[in-house]
*Asks:* 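Right, I'll just put the structure down here and ask away after.
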Amino acid sequence: MPTPTTATETRITSASAPERIQQHRRYLMCRPEHFTVSYTINPWMEPANPTDTAKAVRQWQTLYDLYVSLGHEVHLIDPIPGLPDMVYTANGGFLIDGTAYGARFRYEQRMPEGPAFMDWFRANGFEVAEPLETNEGEGDFLLAGDVILAGTGFRSTDASHRELRELFGREVLSLTLIDPRFYHLDTALSVLDPVQGPGGVERANIAYLPHAFDERSQQLLAERFPDAIQVSDADGAVFGLNSASDGRNVIISPRATGFEAQLRERGYVPHLVDLSELLLGGGGIKCCTLELRR
Ligand code: ARG
């Protein structure tokens, strides 16, 4: 039973917040059977720190089970020995309307993942566009209503943003990341209501960490998303934004307590899933989740 104070607060906030509508999602995940940290390609990875693969699998399973219990469809790609980062399926590509823009990884340790994911997309009925430019899929590209938000600065290049624009014919808004801890867009920005409504343009709700972006990008975000949730540095630093939303349920790290409260105030339903083991590789909830849009 919640304390009376909490119950009252909950009633007040939920009464003033809009009702959020859950949308069905189709995800691709990869069981972290070969997860470890054996190299360093982001500031979170420290090969000297021990990793516990069984624990990573248990934590990952909690996320998988939650998606299924929420009614989502979760597909699996077989993990490949020697590719410990394959659990971060968000980097495997970017998919809209049945077309998959394949990934071309920045670092050689992950390069073989690109073709492995493209094979899976082909085998599962997606049209595959092989990338010429370096890009790390949904780690850096997020669909926000009608516009694709695209990160650059560390992994995906400006040239990949052009390639993406030509391929999908949609507006691509380039955003520059400047803090090495937030090296993929999905570590600094989260789309809460990513799907466009029937018959028209919809402005998506997003949350982001302003300091992860350069001045120009901060200005752009403020102009285009005036109602966005801006999270605190503390919540950003625990990968609070590396979250997955179905429009109503938002899966976040239990450490992001401020973000959790901001979500509740706006009528979302936060679910807390701890992926501490996968954070040792510099990834969280969103990194382990690729959306398959048909
Ligand atoms: N170790 C992986 C890398 O540095 C982590 C990827 C996290 N993925 C993400 N979508 N942010 O590439």
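The chain is numbered in sequence order, starting from 1. When a ligand or atom number is given, it counts from 1 through the structure's own listing order.
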*Asks:* Please check if any side-chain donor atom of Tyr208 sits under 3.5 Å from a side-chain acceptor atom of Gln230, or the reverse.
*Replies:*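 Yes, Gln230 and Tyr208 have a side-chain donor paired with an acceptor closer than 3.5 Å.
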*Asks:* For ligand 1, would you mind listing the residues that have at least one heavy atom less than 4.0 Å away, ordered by chain and number?
*Replies:*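 Its neighbours under 4.0 Å (heavy atoms only) are Ile41, Asn42, Met45, Asp85, Tyr88, Ala90, Asn91, Arg110, Gly139, Arg155, Tyr183, His184, Asp186, Thr187, Gly281, Gly282, Cys287, given by chain and number.
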*Asks:* Only counting residues at least two apart or in another chain, list the ones meeting salt bridge (charged side-chain N to carboxylate O under 4.0 Å, His left out) with Arg104.
*Replies:*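 Counting only residues at least two positions away or on another chain, Arg104 forms no salt bridge (charged side-chain N to carboxylate O under 4.0 Å, His left out).
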*Asks:* Any sub-3.5 Å donor-acceptor pair from Thr36's side-chain atoms to Ser38's backbone N or O?
*Replies:*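 Between the backbone of Ser38 and the side chain of Thr36 there is no qualifying donor-acceptor contact (under 3.5 Å).
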*Asks:* With a 3.5 Å distance limit and no angle check, can you tell me whether Asn91 reaches the backbone of Gly137 through a side-chain donor-acceptor pair?
*Replies:*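 Here the side-chain-to-backbone pair does not exist.
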*Asks:* For the pair Phe168 and Phe94, name the ring-plane relationship: parallel under 30°, tilted 30 to 60°, perpendicular over 60°.
*Replies:*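 Judged by the thresholds at 30° and 60°, the geometry between Phe168 and Phe94 is perpendicular.
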*Asks:* Indicate whether the side chain of Asp246 and that of His72 have a donor and an acceptor atom separated by less than 3.5 Å.
*Replies:*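 The criterion, which ignores hydrogens and geometry beyond distance, is satisfied for His72 and Asp246.
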